[in-house]
Protein chains: 2
Amino acid sequence: MKGKNKPTSVDIAHLAGVSQPTVSRALRDSPLVSLETRKRVQRIARELNYKVDVNARNLRSQRTNTLALLLFEDSDEHEAFINPFFLSMLGSITRASAQHGYDLLISFQQLSDDWNAEYEDANKADGIIFLGYGDYPSYIERISKLDQEGAHFVTWGPVIKDQPGLFIGSDNELGGYLAADHLIRMNHTRIAFLGDQSNDYPEFRDRYAGYCRAHAEHGLEVDPRLRVNAFFSEECGYKAAHQLAMSGVEFTAISCASDLIAIGAIKALREHGLRVPRDKAIVGFDDIPTAEHLAPSLTTIQQDTFAAGQALVESVIRSINGEPAKSILLPTRLVVRDSSGAKVQIKQ
Amino acid sequence: MKGKNKPTSVDIAHLAGVSQPTVSRALRDSPLVSLETRKRVQRIARELNYKVDVNARNLRSQRTNTLALLLFEDSDEHEAFINPFFLSMLGSITRASAQHGYDLLISFQQLSDDWNAEYEDANKADGIIFLGYGDYPSYIERISKLDQEGAHFVTWGPVIKDQPGLFIGSDNELGGYLAADHLIRMNHTRIAFLGDQSNDYPEFRDRYAGYCRAHAEHGLEVDPRLRVNAFFSEECGYKAAHQLAMSGVEFTAISCASDLIAIGAIKALREHGLRVPRDKAIVGFDDIPTAEHLAPSLTTIQQDTFAAGQALVESVIRSINGEPAKSILLPTRLVVRDSSGAKVQIKQ
DNA sequence: TTGTAGGCGTTATCAA
DNA sequence: TTGATAACGCCTACAA
């Protein structure tokens, strides 16, 4: 039933001998309609292959039942490359929004765009989910504006006290702690950390904070020379590990701020004639699908993408409905594989 | 500017002292409006933070400027697991549709749904892109109906003569040929093939057909005992390779119908004490992101996801606009890595 | 070059 | 429980 003569609710009203609003109500299972009328209307609707026109409905009701997912890639790498961790998130967000009866509009975010204008103001979506942000300070600035405008949105990112807007994120401090703690328990005392510590990525800073706490708890000093900047990508990890190896600073293990960094680091170490885990132990962060297939398989900190997707979707919807919603910190957990030199699988 | 008092084109008309249609025209840069008027209108629109309400526009114009991407997962595996190859496709489709000025609605397809009713009839989207189909015969049946209804859609899948609808797909026969040819040139004569040959997955059949052609061209017999059924997943590959190893049929190499199958196969071989590529050479199909990070890195057939995304999007749009569109076969190419035992990198 | 009138297909409001 | 009427915000004639 496409094109020319699509049935409208008026057609149905005509055939069913009722008023048009009655049709609307019957199809929406509103209790304001008698069972008999409802059945008659529903039958005719089915026969005619009738579908509510969402544009008309949205126009009238000023609601779209649609969420927008804006993905921002920090890396300028390959045009086609998407952070695999985000891809996992995307899957769970898609499922969660379907579960809640929302359609999902997806788009790659341009930092230059006026997000709210593009989506909420244009009535394309009732709310926005942000996945990835350029650098935190300027993102916060933009968000504050959105917030004042009364926009409905959530961000996957660092959960920090008193930040504007709504954030869902992993407990990065805990993750960093678990990674370092694991290595320390394997008798490593010279553990490098690969990850940016500028204000741009608070999540990386938290991971390092956890690393420091683990050291403190075990009575170990933190050597600042063991920390090397690296952003998300494999290439950054490669460079950072190379730099570390060249620096002459002694180390026996590396805690990486992302799995991609770990992948790059392993590659760099290999080129320096260092084997993982024999010569150096490695722990990653994220648990991307590739992690378990790497050689050696990557010990890493797993983020709960399933819970994340659920929380993100439920939070925007809450916000849309004007219900109270607060930022959520999701637990992280250690997944032990081969790269850290541990043979023991931690269960669960 | 959210909620209560969003400006409408009428407001602007009022402020600018013109009629409402003039506002529409000015904002659309229609030549029917004087430069002065246009500027005045545009300024006011900007000041008020005005945005066209897409629902109103769509309702009026009966067009949504939106594409629906329906993803179907064949595997019943982990709820959260999505075929990594599809994820790559998703990325390129998202980019392509943005480039063409279309929004993208994404959803996981339920085989039970009435796709067209859900999207096109409801005026949520102008057209549909299908990624993945359950089994081919029943899919074709459904598609035929869609086609008769005059729906606008494309499918990523096998390009077969005289099939209804519009298909974009890789040259699977060529891919299968390249894989087998590569192995034969490495002096393998006993090459197994892991991949389903039922009517459900014509793509796998084509890959096997290419395998057979390569054998024929090199004057080799095809031993049917070397072919073992396997669907997409790692688990299937694992089982198939296990079965193969247990069968006692002699082989020195395996051509797998997907990279996931190859991953499972390598795992199985390893458990049988067989090393790749020392004992058995392996070639995959897809070139998923993980492929290059596997141990050993996976020689595989690359599908051009970038071109695929472009072609899919352009084809639906063509179809929507009533322009002629035909199915497209995209070239595949061999990517030589370690698992096939070749050290030589083929360039380009 | 600008304005007027009407309708796209719903849902909300109110009265019956 | 149902029905009449009026929006929702825009766009396309057509008239001025």
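Sequence lines set the chain letters: A, B, ... in the order given, protein chains first and strands last, and positions in each chain run from 1. Values below: all heavy atoms of this structure, side chains included; hydrogens, waters and symmetry mates excluded.
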Which letter, B, S or -, goes with each nucleotide of nucleotides 4-9 of chain C from 5' to 3', with contact meaning a protein heavy atom under 4.0 Å?
BBBBBB
Rounded to the nearest Å, what distance is computed from the [atom1] atom of residue [X] to the [atom2] atom of nucleotide [N]?
{"X": "B:Asn58", "N": "D:dG9", "atom1": "CG", "atom2": "P", "answer": "15 Å"}
{"X": "A:Arg63", "N": "D:dA7", "atom1": "CZ", "atom2": "P", "answer": "23 Å"}
{"X": "A:Leu32", "N": "C:dC14", "atom1": "CG", "atom2": "C1'", "answer": "13 Å"}
{"X": "A:Leu35", "N": "D:dT2", "atom1": "CG", "atom2": "C1'", "answer": "16 Å"}

Base, sugar-phosphate, or nothing for B:Val33, non-hydrogen atoms under 4.0 angstrom?
sugar-phosphate
Salt bridge (charged side-chain N to carboxylate O under 4.0 Å, His left out) partners of residues 21-37 of chain A, not counting sequence neighbours, each pair once:
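Pairs touching residues 21-37 of chain A that pass the test: A:Asp29-A:Arg38.
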Ring centroid separation B:Trp115 to B:Phe153 under 6.0 Å:
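Aromatic pair excluded; centres sit 6.0 Å or further apart.
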Measure the shortest side-chain to side-chain distance between [X] and [Y] over non-hydrogen atoms and say whether it is less than 4.5 angstrom.
{"X": "B:Arg95", "Y": "A:Ile82", "answer": "yes"}
{"X": "A:Asp53", "Y": "B:Gln62", "answer": "yes"}
{"X": "A:Leu67", "Y": "A:Ile320", "answer": "yes"}

To the nearest 0.5 Å, what is the distance between NZ (A:Lys39) and CZ (A:Arg43)?
11.5 Å
Which word best sums up how the rings of B:Tyr133 and B:Tyr139 line up, parallel for under 30°, tilted for 30 to 60°, or perpendicular for over 60°?
tilted
Are OP1 or OP2 of D:dT2 and a side-chain N or O of A:Ser34 less than 4.0 angstrom apart?
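Indeed, a polar side-chain atom of A:Ser34 lies that close.
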Using the C1' atoms of the five pairs at each end, what is the angle between the end axes of the helix from C:dT1-D:dA16 to C:dA16-D:dT1, to 10°?
30°
Partner of B:Tyr136 under side chain to side chain donor-acceptor pair (under 3.5 Å), picked from B:Gln163, B:Glu203, B:Glu141, is B:Gln163
